[in-house]
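By convention here, the first residue in the shown sequence is residue 1.
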Amino acid sequence: RAGPGGPGQLPAGRALPVRSPPGAEEPSMEAEAQELPLGCGGEGGSPAAGRSPEGEGRRDPLQASVSNGGDAESGKELVELKVIWNKNKYDVKFCLDSTGAELKQKIHSLTGLPPAMQKVMFKGLLPEDKTLREIKVTNGAKIMVVGSTINDVLAVNTPKEAAQQEVKAEENKKEPLCRQKQHRKVLDKGKPDDVMPSVKGVQERLPTVPLSGMYNKSGGKVRLTFKLEQDQLWIGTKERTEKLPMGSIKNVVSEPIEGHEDYHMMAFQLGPTEASYYWVYWVPTQYVDAIKDTVLGKWQYF
């Protein structure tokens, strides 16, 4: 059996396995190369080297490309925006398939402006429930933002009160009225003998009779009569009586007289400036608030 036929069969036996591996290996490598684009790119007929990076790119939002339709469909396309708020401009890259509400959160991180206090404008008010793609936002679009931070709101929430506090602070810095020269010449005459008695620490309604026995700026006697049925204040002196509509009096100011705190000096503002003040001295303190309320229109709530 080891004769000539044996050696002839032995090379043939060896030839079969030798020829078989080269023939099997080459097709298997080609098959692997053809299967790669199907596994990574999801599309046939494309080179493996050309499709693999793009397939990976779709998994990374930072690698989104406007020119790749697959990227747009996956919701990872970015759009460049110019956000403008309070004279400040911000260049922002934002996901095109994010909603208006999400954009507000981004604006909050940039400006500190809470979303609830933002008014975001793009071709009208930006809807919170729609995506930027749905409202057709494109590269370079301008997003206008209107709104104030919480600190800004608190600063202007009560402007009148703040202004009044500033006025009071300024008044406190000034010399007391009763020490000013223009008022001292009247106050130095002393308390009139026939002035109405005062009651300190008490607030009373206006009396049914005129307030009398007081001085005006020239040192003459003056009386105040409140004609509520006619909505008028009558200021009477020896020479004449001025009948003033309550609505024409812009303001009423007063200050206790030093050394006689149970009496006030009081001014009625008849014009736009302090130069129009009509001064009355030695007003009983218990009537001061009632006079102010009556002249400024609060008497009907008593």
Next item on the list: Return the minimal non-hydrogen interatomic distance between Y263 and M196, and the atom names on each side.
Entry: OH-O, 2.9 Å

Item checked: N/O donor-acceptor pair under 3.5 Å between N216 side chain and S218 backbone -> yes

Check: Could you give the distance from CD1 (I257) to NE2 (H183), rounded to the nearest 0.5 Å?
Finding: 10.5 Å

Next item on the list: Calculate, to the nearest 0.5 Å, the distance between atoms OG and CE belonging to S212 and M214 respectively.
Entry: 6.5 Å

Check: Is it true that L81 and L110 fall in one hydrophobic cluster, defined by side-chain heavy atoms closer than 4.5 Å?
Finding: yes

Check: Distance under 6.0 Å and angle within 45° of the ring axis: does K142 meet both against F122?
Finding: no

Next item on the list: Answer yes or no: is there a donor N or O on one side and an acceptor on the other, between the side chain of Q269 and the main chain of K250, under 3.5 Å?
Entry: no

Notebook entry, point to check: Just by modelled atom types, is the L113 backbone N or O under 3.5 Å from a matching donor or acceptor in the T111 side chain?
Noted result: yes

Margin query: Hydrophobic clusters here meaning ILVMFWY residues chained together by side-chain heavy-atom distances under 4.5 Å, can you tell me if V252 and L228 are in one?
Written below: yes

Notebook entry, point to check: Given the rule that I, L, V, M, F, W and Y join up when any side-chain heavy atoms are under 4.5 Å apart, are M246 and V283 in one cluster?
Noted result: yes

Note to self: Under a 3.5 Å distance rule, please check whether S276 uses its side chain to pair with a backbone N or O of G271 as donor and acceptor.
What the structure shows: yes

Item checked: Gap separating the NZ atom of K189 from the CZ atom of R184, nearest 0.5 angstrom -> 13.5 Å

Notebook entry, point to check: For residues K130 and T99, is any side-chain donor paired with an opposing acceptor at under 3.5 Å?
Noted result: no

Checklist line | Gap between atom CZ of F94 and atom CD of E102 - 0.5 Å precision | finding: 6.0 Å

Note to self: Determine whether a donor-acceptor pair (N or O, by modelled atom type, separation under 3.5 Å) exists between the side chain of W282 and the backbone of L187.
What the structure shows: no

Checklist line | P284 side chain near D262 side chain, heavy-atom distance below 4.5 Å | finding: no

Item checked: Exercise: identify the closest heavy-atom pair between P115 and Q105 -> CG-NE2, 3.8 Å

Next item on the list: For the residue pair D97 and L132, establish whether any side-chain heavy-atom pair is separated by less than 4.5 Å.
Entry: no

Notebook entry, point to check: Run the side chain to side chain contact (heavy atoms under 4.5 Å, CB included) check on V280 and F268 step by step: do they pass?
Noted result: CA-CA 8 Å; V280 178; F268 300 94; 4.1 Å; yes

Notebook entry, point to check: Quick check: are there more than 12 heavy atoms from other residues, nucleotides or ligands sitting under 6.0 Å from NZ of K106?
Noted result: no

Check: Going through the distances and angles, do K292 and S254 end up as a side chain to side chain contact (heavy atoms under 4.5 Å, CB included)?
Finding: CA-CA 9 Å; K292 291 181 178 179; S254 69; 3.1 Å; yes

Item checked: Co-membership, hydrophobic cluster, residues V295 and W234, 4.5 Å side-chain -> no

Notebook entry, point to check: Any donor-acceptor pair under 3.5 Å linking the side chain of S248 with the backbone of L244?
Noted result: no

Margin query: Within the 4.5 Å heavy-atom criterion, are I107 and V92 side-chain neighbours or not?
Written below: no

Checklist line | Pair N139, E80: side-chain N/O donor-acceptor within cut-off below 3.5 Å | finding: no

Next item on the list: I would like to know whether T225 and V209 meet side chain to side chain contact (heavy atoms under 4.5 Å, CB included); could you show each step before the answer?
Entry: CA-CA 7 Å; T225 306; V209 297; over 6 Å; no

Check: Going through the distances and angles, do T285 and V199 end up as a side chain to side chain contact (heavy atoms under 4.5 Å, CB included)?
Finding: CA-CA 7 Å; T285 187; V199 182; over 6 Å; no

Item checked: Which atom of P192 lies closest to which atom of V195, heavy atoms considered -> O-CG1, 3.3 Å

Notebook entry, point to check: Is there a donor-acceptor pair closer than 3.5 Å between any side-chain N or O of E261 and the backbone N or O of G259?
Noted result: yes

Note to self: Under 3.5 Å, is there a donor on one side chain and an acceptor on the other for Y287 and H264?
What the structure shows: no

Item checked: Closest contact, heavy atoms only, L126 versus G100 -> CD2-CA, 3.8 Å

Margin query: So M266 and V288, do their side chains get closer than 4.5 Å, heavy atoms only?
Written below: yes

Check: So do K119 and L125 actually touch side chain to side chain, heavy atoms under 4.5 Å?
Finding: yes

Next item on the list: Could you tell me the separation between the NZ atom of K191 and the NE2 atom of H260, rounded to the nearest 0.5 Å?
Entry: 7.0 Å

Notebook entry, point to check: Of the non-hydrogen atoms in V137 and L96, which two are nearest, and what is the gap between them?
Noted result: O-CD1, 3.5 Å

Check: Looking at K136 and E134, does any basic side-chain N land under 4.0 Å from a carboxylate oxygen?
Finding: no

Next item on the list: Look at the side-chain heavy atoms of Ile, Leu, Val, Met, Phe, Trp and Tyr, link any pair under 4.5 Å apart, and say whether L103 and I84 land in one connected group.
Entry: no

Notebook entry, point to check: Any idea how Y281 and W279 line up, ring-wise: parallel (<30°), tilted (30 to 60°), or perpendicular (>60°)?
Noted result: parallel

Next item on the list: Nearest 0.5 Å please: distance from the CG atom of L233 over to the CZ atom of F226.
Entry: 5.0 Å

Next item on the list: Kindly say whether L177 contributes a backbone atom to a donor-acceptor pair with the side chain of E255 at under 3.5 angstrom?
Entry: yes

Notebook entry, point to check: Do any N or O atoms from the side chain of D91 and from the backbone of K82 form a donor-acceptor pair under 3.5 angstrom?
Noted result: no

Margin query: With a 3.5 Å distance limit and no angle check, can you tell me whether Q286 reaches the backbone of V202 through a side-chain donor-acceptor pair?
Written below: no

Notebook entry, point to check: Can you name the nearest heavy-atom pair linking Q118 to K104, along with the distance?
Noted result: NE2-O, 3.1 Å

Notebook entry, point to check: Is K93 close to V79 at the side-chain level, that is, under 4.5 Å between some pair of heavy atoms?
Noted result: no

